[in-house]
There are 4 protein chains.
Amino acid sequence: METKTAFAQGQLRGLVERIERLEEEKKTIAADIKEVYAEAKANGFDTKILRKVISVRKKDHAEREEEEALLSLYMHALGMAPDLEEAPAAAQQA
Amino acid sequence: METKTAFAQGQLRGLVERIERLEEEKKTIAADIKEVYAEAKANGFDTKILRKVISVRKKDHAEREEEEALLSLYMHALGMAPDLEEAPAAAQQA
Amino acid sequence: METKTAFAQGQLRGLVERIERLEEEKKTIAADIKEVYAEAKANGFDTKILRKVISVRKKDHAEREEEEALLSLYMHALGMAPDLEEAPAAAQQA
Amino acid sequence: METKTAFAQGQLRGLVERIERLEEEKKTIAADIKEVYAEAKANGFDTKILRKVISVRKKDHAEREEEEALLSLYMHALGMAPDLEEAPAAAQQA
DNA sequence: CACTGGAAAATGCCGC
DNA sequence: GCGGCATTTTCCAGTG
């Protein structure tokens, strides 16, 4: 049955193209990041430390999210509404 | 001198935010890629092979670029002008 | 229970020593390689190109292996027995 | 003049072979190290921590050597004999 | 002596 | 849940 194979081929082609397209974007962004670090260095910042800063903050975020997830879990367990994304109006000004 | 430090702080903040923003985007794209693979699997494709296909194609591209770079290196080593992008017509007589 | 801990300590010590010994050897070899490059340079070879030669050859080897791995992967995917290293006689009946 | 070129070629070949031989050895040792880590894990050790141990000790050694080098430098500056490798007999028992 | 590029190490991800 | 693999990050040597 030729059509089935042909269909699969077309599908495969589509998948490959989508993935390659996305990877291309990812690569572009990675390059952008590299550029920002270069700019930082040009402005006298120590990139090694800068990277540390980023990674520490990332870890903090992860912890925070974990805590929130945990909280959400508890709320669920208690039958209360959780997870109101983008909290109900109001201002944002840390 | 406070102003200088303050300036550096503002600059640092900006850099950190830009990087974090970009990393966020990168993460999103990575998730998209994952999704495509999931979709592929759902349609009966062997993701392991699909990944291999992608990686082989990537390698091929890299190889082409590598060859050009290599040629350029040799040209340099031989004292010949390389890398005339889209050589602007005209002759090159040794 | 002291003995168990003591045992673990001894074991740990052994592992650390073995690793450190191996890393030492590795370091020595790296130094040897450096020496060979120095000798090459002293004999008028362009080390940059020499390095390139080495890396290209390495890549070629890797490619060969990659092809075999790829073939093996396909064979697996097709449900065929692969990788019968110097097939040890005897039959293989599906 | 053919002979000169031929000689260079032979020399180049020799260099390449020596380097490749050494890199092969290095690779083997790296594999050995990996094996030791695997064995450690099989015996219930946390490889991540084990790696940390190794790296800390390495840093310690480096510092120690630096200190010794510095000491040696001072000794030299003072016209005193430095660097008696393998200290003169006596026991070693930390 | 700072920068670039390549090797090594560490991390995360996927399939079993 | 683990082991292997791919990617990413870190480190270091060579170069200008």
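To find a chain, count down the sequence lines: A is the first, B the second, and so on, and within it residues start at 1.
- Scanning all heavy atoms of the two residues, the minimum distance from C:Ile29 to D:Leu22 falls at CG2-O, 3.4 Å.
- With hydrophobic clusters built from ILVMFWY side chains whose heavy atoms lie under 4.5 angstrom apart, B:Phe45 shares a cluster with C:Tyr74.
- The neighbour count for A:Glu17 CD, taken as heavy atoms of other residues, nucleotides or ligands under 6.0 Å away, is above 12.
- For residues 24-44 of chain C, every residue pair satisfying the side chain to side chain donor-acceptor pair (under 3.5 Å) rule, not counting sequence neighbours, is listed here: C:Arg21-C:Glu25, C:Glu39-D:Arg18.
- Residue whose closest nucleotide on DNA chain E sits further toward the 5' end, between D:Tyr37 and B:Lys34: D:Tyr37.
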Exercise answer: donor-acceptor pairs, residues 56-63 of chain A side-chain atoms, under 3.5 Å, sequence neighbours excluded:
{"residue": "A:Arg57", "atom": "NE", "partner": "B:Glu20", "partner atom": "OE2", "Å": "2.6"}
{"residue": "A:Arg57", "atom": "NH2", "partner": "B:Glu20", "partner atom": "OE1", "Å": "3.1"}

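- Atoms CD1 and CD, from D:Ile33 and C:Glu23 in turn, are 4.5 Å apart once rounded to the nearest 0.5 Å.
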Check: Could you go step by step and tell me if A:Val53 and B:Leu12 meet the side-chain contact (heavy atoms from CB on, under 4.5 Å) rule?
Finding: CA-CA 10 Å; A:Val53 169; B:Leu12 176 59; 5.7 Å; no
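- Applying a 4.0 Å cut-off to non-hydrogen atoms, the residues of residues 43-61 of chain C that approach DNA chain E are C:Lys52, C:Lys58, listed by residue number.
- The OG atom of C:Ser72 sits 13.5 Å away from the CD atom of C:Glu67 when rounded to the nearest 0.5 Å.
- Contact check of residues 14-29 of chain A against DNA chain E (heavy atom, cut-off under 4.0 Å) returns no residues at all.
- Where D:Lys41 and C:Lys41 meet DNA chain F, the nucleotide closest to each residue was compared, and D:Lys41 sits on the side nearer the 5' end.
- Here the side chains of B:Leu71 and B:Met75 are in contact, with some heavy-atom distance below 4.5 Å.
- Residues satisfying the salt bridge (charged side-chain N to carboxylate O under 4.0 Å, His left out) criterion with A:Arg64, sequence neighbours excluded, are A:Glu68.
- Protein chain B contacts DNA chain E from E:dC14 to E:dG15, reading 5' to 3' and using non-hydrogen atoms of the protein with a distance under 4.0 Å.
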